[in-house]
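Chain naming here is simple, since letters A, B, ... match the order of the sequence lines and numbering starts at 1 in each.
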Amino acid sequence: MFEASDKPIALIDCNNFYVSCERLFDTSLHGIPVIILSNNDGCAVARSEEARALGIKMGAPAFKMRDFMERHGVKALSSNYTLYGDLSRRVVDVLHGYSPRLDPYSIDETFVDLSGFGDRMEAHAARMRQAVRTQVGIPTCVGIAPTKTLAKLANHAAKKNPIFGGVCNLMNPQVRDYVMDRIPIGEIWGVGPATEAKLIAQGVKTAAALRDLPMALSRKIGTVVLERLVAELRGIACIDFEDVPPQRKGMAVTRSSGTPMTTFDVLAQAVTAHATRAAEKLRQHGLVAGTLTVFFHTNPHKPDRPQHSASRSVRLRPMSNHTFDLVDAAVSAARRGWRGDPSGNGCGYTKAGVILDDLLPEADRPAMLFEPARPRDARLTDALDAINDRFGKKTMVLAREGFAGEWRLRADHRSPRYTTRISELPIVKL
DNA sequence: TCTGGGGTCCTAGGACCC
DNA sequence: TCTGGGGTCCTAGGACCC
């Protein structure tokens, strides 16, 4: 019924991507421990090898390790997604020269179809790696295997074990067995903490042991998801190679606020800003949305304080990507979820967001039997986008959003947007 | 005595990923 | 004082229908 695949898939993954991006423009960051902080400078989302060696964990809250970082000379930077996104695009541009079929998976990883290269696939992968290194400046590792899950595993091995020289090829069953015997299940793509605990309780500890788990048992432990994963480990491809990106299902703009939001007015400012940004993103992608959800909640890390969370959805009819439609819907949804004492003071919400669902290409938007008497004018959003594109984000905003930005986040240590802002270009001194 | 069964759709919540 | 943001997929359970 299912056949083991013999088509090689490569996964090329950038090493410590965010840190590597920063190091491209600031050589003083080489050889020292560096971490990149999440939005709001909250916790570590990327670490250099040196930071890893110090034991700094992914997701570690920054304020708890301030002393530790000072003692060990750890440099912390705010994240600069504009820069990372641009460099990511450049990496994919280079990869296009190495295979006709690419499946970009995340900001720092791309699956590459290597079928047709035969015995030369390893050498080809090494050249591809070198090209990214010299043309963009980012170090990478490559894993090759017959399924995506095994390619992830191969990539992991290439990163961990210098013996592979940056390219680990698991097309050979003997090499594959050797590696799988040594990889703990927690490192496998798709095995999170919950599944890991269940498997260990069953005595399953390595990738090889999971591969050999009977299918029926794997389904019992982790539904079809785990069953599929076991098949992938056996070399049976269950996760498609997607060289044309599928239609996206949803889109979200959510932010923590620098200070807790205690009045409806401030919450409405934040929600207005998020809905405005969500509308921009829709238009950039040429989409319209059919459902809008607003949520907000208090700080879950402070269980001793009063907690409240709310989520309200509205249908957008007609489906829309117009800033005014989305802001109207979002603010009225927020009002329905708002809970405050009689004087209007709320709980102190620390996070709010706008989520859009039922996305459709603008051209496929269904016509309404009764269109609104005065449809929103697209020329207005065109002008808005043109101005903000030319003069920078948030040059023009709705008054409702305000400029005070009591809810706005911190990013005290962000590096310049070297490659996407003329005013922030690096300066070369001769 | 005995009170249907099968199907669809929607939503909330869990798990996982980077 | 201070703990990210943006996604996907799956399941269970309720509402509803005939």
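Using a 4.0 Å cut-off between charged side-chain N and carboxylate O, A:R90 and A:D93 make no salt bridge. Under 4.0 Å is where a charged nitrogen must lie from a carboxylate oxygen, and between A:K152 and A:E109 at least one such pair does. Ion pairing of A:D325 with A:R317 is absent here, as no side-chain N (NZ or NE/NH1/NH2) approaches a carboxylate O to less than 4.0 Å. A salt bridge does not link A:K7 to A:D113: none of the charged nitrogens lies less than 4.0 Å from a carboxylate oxygen.
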Enumerate the protein-to-nucleotides 10-16 of chain C contacts in which both atoms are nitrogen or oxygen and the separation is below 3.5 Å.
residue: C:dC10; atom: OP1; partner: A:R228; partner atom: NH1; Å: 3.1
residue: C:dC10; atom: OP1; partner: A:R228; partner atom: NH2; Å: 3.1

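Counting non-hydrogen atoms under 4.0 angstrom, A:K64 reaches a base of the nucleic acid. Heavy atoms of A:S313 sit nowhere under 4.0 angstrom from any nucleic acid atom. Using a 4.0 Å heavy-atom distance criterion, A:G59 is classed as making no nucleic acid contact. Among the protein residues, A:P300 comes within range of no part of the nucleic acid, since none of its heavy atoms lies under 4.0 Å from any strand. Among the protein residues, A:K281 comes within range of the sugar-phosphate backbone only, with heavy atoms under 4.0 Å from sugar or phosphate atoms but none that close to a base. Nucleic acid contact for A:I188: sugar-phosphate only, since backbone atoms but no base atoms lie under 4.0 Å from a heavy atom of the residue.
Nearest-nucleotide assignment on DNA chain C puts the 5′-proximal partner with A:G42, out of A:G42 and A:K249. Between A:R66 and A:V253, it is A:R66 whose nearest contact on DNA chain C lies nearer the 5' terminus.
In this structure, A:W338 and A:F264 have perpendicular ring planes: the angle between them is above 60°, well past the 30° mark.
The separation between A:Y105 atom OH and C:dG7 atom C1' is 9 Å, rounded to whole Å. Distance, A:R305 CZ to C:dC2 C1': 10 Å, rounded to whole Å. Spacing between atom CD1 of A:I355 and atom C1' of C:dG6 amounts to 10 Å, rounded to whole angstrom units. Rounding to whole angstrom units, CZ of residue A:F295 and P of C:dG5 are separated by 8 Å. A straight line from CD1 of A:I239 to P of C:dT8 spans 15 Å, rounded to a whole angstrom. Separating the NE2 atom of A:H274 from the C1' atom of C:dG6 is a distance of 13 Å, rounded to the nearest angstrom. Between A:E242 atom CD and C:dT8 atom C1' there is a gap of 10 Å when expressed in whole angstrom units. When rounded to the nearest whole Å, the span between NE2 of A:H297 and P of C:dT3 equals 11 Å.
DNA chain B forms stems at B:5-18 with C:5-18, each a run of 3 or more consecutive Watson-Crick or G-U wobble pairs whose two key distances fall under 3.5 Å.
Taking the centre of each ring, A:H297 and A:Y349 stay at or above the 6.0 Å mark.
Not counting sequence neighbours, the partners of A:D243 by the side chain to side chain donor-acceptor pair (under 3.5 Å) test are A:R101.
Put simply, CG on A:D108 and CZ on A:F17 are 6.5 Å apart, with the number rounded to the nearest 0.5 Å.
Within the 4.5 Å cutoff, the side chain of A:V204 has no heavy atoms near those of the A:D212 side chain.
Contact annotation: A:R248 side-chain N/O to C:dT8 OP1/OP2 distance is not under 4.0 Å. Listed pair A:K152 / B:dC17 fails the phosphate criterion, with no side-chain N or O lying under 4.0 Å from OP1 or OP2. Residue A:S106 has no polar side-chain atom (N or O) positioned under 4.0 Å from OP1 or OP2 of B:dC17.
Ranking C:dG5, C:dT3, C:dG4 by closeness to the A:S38 side chain, first place goes to C:dG4. For A:W189, the listed nucleotide lying nearest its side chain is B:dC18; candidates were C:dC2, C:dG6, B:dC18.
Of the C1' atoms belonging to C:dC16 and B:dG4, the separation is 15 Å, rounded to the nearest Å.
Closest non-hydrogen pair, A:P146 versus A:R176, comes out as CG-NH2, 3.5 Å.
Considering A:R283, A:R365, A:E362 as possible partners of A:N321, the one that fulfils the side chain to side chain donor-acceptor pair (under 3.5 Å) test is A:E362.
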